[in-house]
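In each ligand, atom 1 is the first atom listed, and ligand 1 is the first ligand listed.
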Amino acid sequence: MFGSLKLGKLFGIDLFVHGTFWLLPLYVFLNNLSGGVAAAGLDVAVIFAVFACVALHEVGHAVAARGYGIPTRDITLTPLGGIARLERMPEKPLQEIVVALAGPLVNVAIALSITAVMPAATVGRIAEAAANGGYFTVLDPASEFVFRVWGANVFLVLFNLLPAFPMDGGRVLRALLGTMTNRVQATRIAVGVSGVLAVLFFLVGFEQSSLTLMLIAPFIFMLGRAELAAVRAQAARREWRRAATEFAQTLFGPPPADRFSGWRWDADRRVWSEWVNGVLVREVRDV
Ligand SMILES: [Zn+2]
């Protein structure tokens with residue numbers, strides 16, 4: 001019942017909608033029906049438009065990753081947001097920052113585009129709302145729809161830039177720390193910051209009686225721990241491989257790869273190199 005439905009391809013990447021996603025528009029529609037079918041329908045239309053923006057956000061990550069030769073298996077929309085399954089995360093700090101920021105940047109572009117085409121009257125109402133602490137007189141349905149999709153994109157930018165895992169800001173923080181220390185240590189500090197933010201979310205949620213905020217806290221806390229565990233396991237695997245190679249070399253001497261003949265592929269530089277008896281003969285750039 002809760003399988004994923006394939007919607008199609010975006011920029012060559014399969015886009016799926018998880019079965020549980022449909023519970024969200026259904027819940028919103030039934031929950032807001034007291035305001036009339038038209039109002040509830042508008043709420044549902046906003047949900048679909050916002051999730052289209054979430055899908056484009058994920059495409060932003062995927063396209064940036066592709067620029068570094070990292071393919072994306074697929075993008076899935078869930079009621080909690082979108083997930084782009086990259087084959088791997090780039091580990092070079094600059095690459096990780098670019099891939100992490102590419103998602104929110106898409107929402108910045110969408111919000112700016114909406115602002116550019118927004119009727120002057122709507123812009124006036126938004127300014128009025130900002131002055132009144134977020135409350136404004138009800139707009140006509142079309143302006144209301146545009147305004148709410150715009151607001152959701154602004155929210156997506158701000159929320160995703162929070163420096164906590166699994167948000168994009170957590171990756172940016174880890175990558176920035178990664179320029180000063182190793183990846184495990186950088187992740188440990190970033191996960192510590194995530195923990196502090198999780199506690200803040202919980203306290204603010206408790207104070208405001210917001211169940212959503214209180215539920216986000218354990219979510220951030222657990223996914224931060226999971227990220228740290230994954231990075232540690234990867235580092236341990238590499239260390240084991242390095243030690244095993246070193247041990248093999250003390251037993252059997254240098255590996256025959258030193259006298260390697262044939263072609264090698266360098267994924268980072270996207271270059272093929274030809275070797276004869278361990279000597280580099282030529283390099284061919286992939287086009
Ligand atoms: Zn993102």
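Sorted by first and then second residue, the side chain to side chain donor-acceptor pair (under 3.5 Å) pairs involving residues 156-178 (not counting sequence neighbours) are His57-Asp168, His61-Asp168, Glu96-Arg174, Arg174-Thr187, Arg174-Glu227.
Crowding of Arg73 atom CZ: a count of heavy atoms from other residues, nucleotides or ligands under 6.0 Å exceeding 12.
Remark: side-chain polar atoms of Asn153 are paired, donor with acceptor, to backbone N or O of Val149 under 3.5 angstrom.
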With a cut-off of 3.5 Å and sequence neighbours excluded, list every side-chain donor-acceptor pair involving residues 41-51.
from  : atom 1 : to     : atom 2 : distance (Å)
Asp43 : OD1    : Arg148 : NH1    : 3.1
Asp43 : OD1    : Arg148 : NH2    : 2.6
Asp43 : OD2    : Asn32  : ND2    : 2.6

Do any side-chain atoms of residues 202-219 form donor-acceptor pairs under 3.5 angstrom with protein atoms, and if so which ones, sequence neighbours left out?
from   : atom 1 : to     : atom 2 : distance (Å)
Ser210 : OG     : Leu213 : N      : 3.2

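Sorted by chain and number, the protein atoms of type N, O or S within less than 2.8 Å of the Zn ion (ligand 1) are His57 NE2, His61 NE2, Asp168 OD1, Asp168 OD2.
With respect to the salt-bridge test (charged N to carboxylate O, under 4.0 angstrom), the residues Lys92 and Asp268 qualify.
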